[in-house]
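Residue numbering restarts at 1 for every chain, and letters A, B, ... go by the order of the sequence lines.
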Amino acid sequence: MNDKPRVLILIPAFNEEAIIGKTVTEIRNSIAKSDFASFDLVVIDDASSDRTANLAAEAGARVVTLPMNLGIGGAVQAGYMYAEKGDYDIAVHMDGDGQHDPAEIKNLVFPVLQGECDYNIGCRFHDTCKYQASLFRRMGMIFASFITLMATGVDIPDPTSGFSAVNRACIQIFCREWHLHFAAVPSYIEAHRKGLKIKIMPAHFRKRSTGYSSITLCEAVFSPFRIMITALGSVIRKSGV
Amino acid sequence: MSLTLQLLGIIVGIIMIGVILYLIRHKKLQEEFSTLWLMMAGGICLFAFLANPLYKLYALLKGDTGYGPGILLFAAFVVLFFLVLFLSVKLSHVSRNLVTLAQKLGILQETLQLHLANTKQGKEKD
């Protein structure tokens, strides 16, 4: 009987055939060295039109192929649903584009396992990481960060990092309360509302080597309004859990 | 209201009811929504048939200096606003259900594939 905590690494991916195989292999190699937990890796293929699902499976990941494109929010929630169904203790959300360093999974998971926090977020803006975001993206992040601070009192300098670890309590909440657009900010609000502890951890992000960001210029322009409405909706929404 | 306009209103209302019934019959419109549209079509017929109450309402809204048609248009706008809002609520509900369905389908497919692979492995071992 394996008593190790079970960790699910979930990677939403849409048309990432150029990098997904390498990302999965790199993560698998990294977690193979960790013996403090039992890891599984699932790629949520968001109805890609390329070979993302095949290449991820060939690299050794489990693959959930969505029958239609739901966007990154829907794909991530599918990952949390998979974690809840599989009775995992912790779910780690990583991007499929290779920006997140698999070597940091351990640092991200450990505080959650130790009970220091329920929701640990990897943050790319700190002294030792010189990550450069585009102006629009940076503005959106500052705005999202401000909204989160106003709604929860928690300062999250990198609200769209997409690199996080959550425990069972968060998984259960996110399976039911999850926004499909700009999901990060409402997820912080929801976790905070449920009395769960959010922690920020410095993390190293690498430059995206291929593909494109899920945030288009049009979305970047309108994102402040949408983030505001989404956050407002999350604050005033009746809780379903 | 002239007789021609009254007749036109009644004919338009009847055509609307006919179209709605046709859509219900061919299962292209659910009862839930058809009730609303039938009420709208019935309202047009009723107002065209009973023009006098509409005139009285018009005179009441108009007052001494007001512009009656504008007020009636505003009332129509409010009705349409709530109609579109109602449909948006329904659309949001359906859209969310569709997302949940897609997520569950994806997870079930993966579970099934895993199960089949395990069964195959077990058989090969035997």
Indicate the atoms forming the closest heavy-atom contact of B:I107 with A:A78, along with that distance. CD1-O, 3.5 Å
Within a 6.0 Å radius of atom CZ on B:F82, are there more than 12 heavy atoms belonging to other residues, nucleotides or ligands? no
CZ (B:F86) with more than 12 external heavy atoms under 6.0 Å: yes
Under 4.5 Å between any side-chain heavy atoms of A:V64 and B:Q109, yes or no? no
List the steps and the verdict of side chain to side chain contact (heavy atoms under 4.5 Å, CB included) for A:M68 and B:L98. CA-CA 10 Å; A:M68 56 191 263; B:L98 191 64; 3.6 Å; yes
Residue part contacting chain A, namely of B:L114, when any heavy atom lies under 4.5 Å: side chain
Side chain to side chain contact (heavy atoms under 4.5 Å, CB included) evaluation trace for B:Q103 with A:I44: CA-CA 10 Å; B:Q103 289 168 328; A:I44 313 294; over 6 Å; no
Report, as yes or no, whether the 6.0 Å neighbourhood of atom CZ on A:R6 holds more than 12 heavy atoms from other residues, nucleotides or ligands. yes
If you look at every heavy atom in B:A102 and A:L66, which pair is closest and at what distance? O-CD2, 3.8 Å
Look at A:T65, A:D45, A:L70 and state which one has the largest set of heavy-atom pairs under 4.5 Å with chain B. A:L70
Should B:Q113 and A:V63 count as side-chain neighbours, where that means a heavy-atom distance under 4.5 Å? no
If we count only N and O atoms by modelled type, under 3.5 Å, do the side chains of A:Y82 and B:E110 hold a donor and an acceptor together? yes
At what distance, to the nearest 0.5 angstrom, does NZ of A:K85 lie from OG1 of B:T111? 3.0 Å
Please check if atom NE2 in B:H93 has more than 12 non-hydrogen atoms from other residues, nucleotides or ligands closer than 6.0 Å. no
